[in-house]
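This report concerns only the one structure given below.
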Amino acid sequence: METIHLTGDTLNNFATEIRQTTGEDTSRCYQCGNCTAGCPYTEFFDYPVSQIMRMIQTGQREKALNSRAIWLCATCETCSTRCPCEIDVADVMDGLRNIAYREKRFTERDIRTFYEAFLTSLKHHGRIFELEIIARYNLKSGHLLTDADLGPKVMKQLHFLPKRIKGRDDVARIIKRFMEKK
Amino acid sequence: MIEKEYAYYAGCSLEGTASSYDRSIRVILKALGATLRETEDWSCCGSTPAHAMDHVLAGALAARNLAIVERMETATLTTPCPSCLSAFKKAHAKVTQDKAFSDEVNQLLDLPYKGGVKAKSTLQVIYEDVGPDAVTSKVTTVLPDLKAACYYGCILSRPPKLAAFDDPENPVSMDRLLAACGVDVRDFVFKTECCGAAFGVPKKEMVLRLTHKVLTMVQDCGANCVVVACPLCQQNLDLRQAQVNRAMGSSFSIPILYFSQVLGLAFGFQPEELGLDKHIVSADALIRSRRPKGAEDAAPPVKEKARKSTAQGTAGKPGDAPGAEGTASAAKEA
Amino acid sequence: MSVVEGKELRIVGFLCNWCSYGGADTAGVSRFKQPTDLRIIRVPCSGRVDPLFVVKALINGADGVLVSGCHPRDCHYSDGNYYARRRLEMLKRFLPFVGIDARRFHYTWVSASEGQRWQQTVTEFTTLIHELGPTPAFPQDQTVLKEVRA
Amino acid sequence: MRVGVFICHCGNNIAGTVDVARAAEETAKLPHVVYSTHYMYTCSEPGQDEIKQAIKRENLDRVVVAACSPRMHELTFRRTVEKAGLNRYFFEMANIREHISWIGENKELNTNKAIEAVRMAVEKVIRDKPLHSTAFKINKRVLVIGAGVAGMQSALDCADGGLDVVLVEKSPAIGGMMARLDKTFPTIDCSICILGPKMVDVAQHEHISLHAYSEIEEIKGYVGNYQVKVRKKTPYVDWTKCTGCGECMEKCPTKNAYDRFNFGVAPTRAINIPFPQAIPKKATIDAQYCRQIQKGKCGVCAKVCRANAINFELPDQFVTEEVGAIIVASGYGLIDQELLPEYGGGRYPDVITGIQYERLLNASGPTSGHIQRPSDGTEPKSIVFVSCAGSRDKSIGIPYCSNFCCMYIAKQAILTKDHIPDSQSYVFYMDIRATGKGYDEFTRRAQEDYGAKYIRGRVSRIYPKGKKMIVQGADTLLGAKVEVEADLVVLATAATAAPGAAALAEKLHISYDTHGFYVESHPKLRPVETNTAGVYLAGAAQGPKDIPASVGQGSAAAAKVLALFSRDMLESDPAIARVNQNACVGCLKCVKTCPFQAIKEQELRGGEVVASVIETICAGCGVCTSTCPCGAIQLQHFTDNQLLAEVNSLCLS
């Protein structure tokens, strides 16, 4: 295992960055592990939430942003609800995702593909069109048969034609402005 | 009874896989005397993918809708979908508390959001504005075979400061509304445990395992159906139940109903008026025994009637199915 | 000598010995940083604060006056702070009549253990006074004021 | 007038952010100041000598010290100037440490502020008048509030020292929390075996008069002379007749009364004697549950009582006690499980609190010392202890550590193994706080000799599954989520201030912190004193503490009272109100506003009515001075002239 060097000017930079992104003060975390204990996703994570918080406290930026855990978090708010230190842990995880997104670090390719299919659908129609998302996702991810086993009854519930709203241009503009700003 | 007007935001899911939620909500709110005004030309709230990407973008996508509602001059926005609700509440909180955030969001919008909209889940509207007593007064039909586990999902009452509704660990609003309809509500301990949320498509194996846990606990508490208030929960539990069984070697056959559908049945509406025919795991067997309120247990003709009308319903002729009046007249005959 | 021009304004604080003066001590012991504008006058009880002291301070050049005592019901002298509250509330309503912006006067309750609350109180009040700026000069010919000033 | 100014560096505490040399230089120019200097540690012996010498050398008649808070050293320097021949009130302190050097970062601004602080002090000191104390007699009786282990220790120490003690306990029996414990850490002594003899001593001591089932109604007076009104709550039983036979308890048909002594872990009767060793061993009726009192029919206890002691009409009674000092040992409380919804919030019978478990372990408890699950009475094999259940939890407003839980959990884990050898205990902890003598070794024994499995992490959730309770926690050392299937879960619920602590503090005029714990005079150097003269603290009322610390404080408070009472006379504080009878117009507004009824009307020889201050009663608040329309009544040392001079020194320059 590598030795982590804790000396240096950058020790606190990551915590500051997270504070700026989310408004959350991670120095309040005393590492009780409550978030890890309550998280329904811990079993799927590469690092439990409390260790992600620890990485922020000790400036382990690379490790945290390249973790799979930040993508597998579903923002179910269990951690934020029960944190004895009143840290909005789910918001911290979201902040990490935001940074990872900006820096194009995607350790969970399928989730990224799904999110992008979602946002594409949103951009095109102003609303979400479930069948299109699945179709796009299947094509992009290469998992062509995802949910094909759900059967005809489910498929029947999905609209085959997307609903387009008048304001879809508004929505597209929102996304366009956002992209230009970045 | 309330005479109240709400701006209504159905949300994308309720136009697709969760259309039955939309239908049943509209039916019961009308019965309870609430007026829903459509949020004109609403767009997607942004949901999980948007806030994963960027908080400002997510805020803008949600705030576009809030700005529309603001112009409708209806104080309260209601949406049945907890995910949309959460997006609205987060956007509203940040816009009203953080000036810099508000500026950034409004720079992306054509129509700025000033922060004047209060968002409530439709469950909260029915629980708080209508109340269990008013619900009881509308009940015409009892559902003797239903043993319900109320499953609230993860974000309806959490985090408590944002949700500002019900108890974050042991929410009771749905339990009480169902109890007000005379339904046998079980003590279910996984009320707020996460089902896997939006990961159904990209991380199916994860969702199947979480869903399996939830369904196991449902079975443990002696319930024979799950009552939900979230389209995503319904989707993961109902749509994917067969996948769960295949992947985990289980053999669940547990109908997943929206609370609005149960209320609708209790108010005397027919299953297909409430979209119950859309569900994958059929609830027919559980609701077959429903009968008019006040009728004796051993009143066979009513039971016969009820059974018949259900049979008609499932036969796929919604037009022929007797409506609320049908049940009511059955009650008179009895 | 007076305040350091451009950096500070003149803020006078009357603090009761048992609670708020102790709270300010606690804030100091805890090294809770605060703006330096405030000058503290120790009184045994907030009930000792004569509204005239406040008016005199404001007329004679203070830009803000802060009075702080024990929390209601927790007064070292039983109910001295109730007398204070009644008088100071009246004072707050009276100030506009002598041409003083009532926001320049604030009274509050801070206990000896509430160092953080004291820090917050001082910081917020100082910020407010800086937003209001220096007290405008009073016209010299007002006889009422002359009497008060004397 | 010749004023000397002494500016203290306090090492670097002041000199670090205040230019003390410049301050001395500037203040030397102030009117009346003839000497100004700065010194490393003014409070040190050479520092005080420097003041004394300067007074003589420079012929000073007033002294200002600019240093720390007067709450810290005002008395020190008053004595110094007195030793040099000045009246002790010819002295003022400027607080340039707590209020300046420690809170401001800019040295220029701090220095300027320090100079102004000195200028204010100079303006005040030149208006100081010489004041002289008068002596008054002390009533050498002491009131002890609370008969837990701390209060009993105080009472016994005072009584052994020859003082008359009035001991007031709000529950029907003395002993407090300690009487409920089974064993004590780190020795595993039987709690009641070591406490019982003390309880008997208290009951039998010739110098202690006990008011059990009583509360403080009202307190008047001041150090040396307090009048305390005690409410003796009605037990609906004439205790002078009750023999404590327990017949009534056996026959009482109400079997579901809440058992306050056992913290509700099992029900009790509406009339009961809390525990076998109870002192006084008298029956009390819980009116809330009594059928006779609530519904007017029953009266079974009255029928079976051979002593004829039951009296449903017995009212509360009041007695007034006169004492000279008060020791407050009113103990602590515990949070309700309702605050912990993620642990079930009290809905699950097999999730209990540490004190409830203590009663299950106790041979005189409801299960006679057999550990049984409350739900079904079976013997648990897998027991989970959850530390910090509510403690160190900002989200419920309890950021502090409850002090003794780590230790009692270790003890309970050890006792569990003794009771049920084939059991397995699990302890979820965040940190093990075992700093007392022999404490850490004790927690090691729990793990090494008794096999308790310590898991470093907090528990997120507890829920039932079948007959088991699932405890969902984390092992942060493993970096993993862990689950334990438990038969019984014991929560170390957070210690809080005792119910009613704030109301009692208000009667005593002592301060309490945000959490309701009483505030000591100085956190290090005056730990059992309060800011109210004659009122002392002992035990967990001041903050959660364990038995040895409570006993230590009980004795310390007693020592303080014995020292106070070692004199026959006390000196009064002369900084009280004084009436200028020539200026008084006799409106007597001051009589109405005085919180202490310390002002009376007096008729002068000419027939004029004026106000007059009763010196022994006046507490020196100054409310009268602010009330007086003609400035006739002045609080000495804080006169209108002095305070206005301070204001003017700030504003008119």
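For the numbers below, each heavy atom of this structure counts, side chains included, while hydrogens, waters and symmetry mates do not.
- With a threshold of 4.5 angstrom between heavy atoms, B:Arg158 approaches chain A through its backbone and through its side chain.
- When heavy atoms are compared at a cutoff of 4.5 Å, A:Arg109 does not approach chain B at all.
- A side-chain N or O of A:Asp94 and one of B:His51 form a donor-acceptor pair less than 3.5 Å apart.
- Between the B:Ser102 side chain and the B:Asp98 main chain, no donor and acceptor come within less than 3.5 Å of each other.
- With a 4.5 angstrom heavy-atom cutoff, B:Leu210 touches chain A only via side-chain atoms.
- Applying the salt bridge (charged side-chain N to carboxylate O under 4.0 Å, His left out) rule to A:Arg54 yields no partners; only residues at least two apart in sequence or on another chain are considered.
- Your options are A:Ser141, A:Gly23, A:Pro40, and the one with the most heavy-atom pairs under 4.5 Å with chain B is A:Pro40.
- A:Asp169 and A:Arg173 are not joined by a salt bridge, as no carboxylate oxygen comes within less than 4.0 angstrom of a charged side-chain nitrogen.
- For B:Ala242, no part lies near chain A; criterion is any non-hydrogen pair under 4.5 Å.
- Neither the backbone nor the side chain of A:Glu116 comes within less than 4.5 Å of any heavy atom in chain B.
- Looking at B:Ser13, the atoms closer than 4.5 Å to chain A (heavy atoms on both sides) sit in the backbone and in the side chain alike.
- If you tally non-hydrogen atom pairs under 4.5 Å between each of B:Glu169, B:Glu193, B:Lys204 and chain A, the highest count goes to B:Glu169.
- Here B:Glu104 does not pair with B:Lys94 in a salt bridge; the nearest charged N to carboxylate O distance is not below 4.0 Å.
- Note: B:Ala52 leads B:Ser43, B:Cys154, B:Pro159, B:Ala52 in heavy-atom pairs under 4.5 Å with chain A.
- Most heavy-atom pairs under 4.5 Å with chain B, from the set A:Leu72, A:Asn138, A:Ile70: that is A:Leu72.
- When heavy atoms are compared at a cutoff of 4.5 Å, A:Ile128 approaches chain B by way of both its backbone and its side chain.
- Under the 6.0 Å cut-off for aromatic ring centres, A:Tyr41 and A:Trp71 do not qualify, their centroids lying 6.0 Å or more apart.
- The CD atom of B:Gln261 sits 3.5 Å away from atom NE2 of B:His279, with the distance rounded to the nearest 0.5 Å.
- The backbone N or O of A:Val89 lies less than 3.5 Å from a partner atom in the side chain of A:Ser80, making a donor-acceptor pair.
- Only the backbone of A:Cys73 comes within less than 4.5 Å of a heavy atom in chain B; its side chain stays farther off.
- Heavy-atom pairs under 4.5 Å with chain A were tallied for B:Leu61, B:Ile68, B:Thr192; the largest tally goes to B:Leu61.
- Note that CG of A:Leu122 and OH of A:Tyr115 are 14.0 Å apart. Values are rounded to the nearest 0.5 Å.
- Across A:Ile99, A:Asp88, A:Asp91, A:Thr113, the residue that shares the most heavy-atom pairs under 4.5 angstrom with chain B is A:Asp91.
- To the nearest 0.5 Å, atoms OG (A:Ser121) and CZ (A:Arg136) are separated by 7.0 Å.
- In this structure, a donor-acceptor pair under 3.5 Å is absent between the side chains of B:Asp167 and B:Tyr152.
- Chain B forms the most heavy-atom pairs under 4.5 Å with one residue out of A:Thr75, A:Leu96, A:Ile175, and that residue is A:Thr75.
- Both the backbone and the side chain of A:Thr78 come within contact range of chain B, each with at least one heavy atom under 4.5 Å from a heavy atom of that chain.
- Highest contact tally toward chain A, considering only B:Glu205, B:Arg246, B:Lys213, is held by B:Arg246 [criterion: heavy-atom pairs under 4.5 Å].
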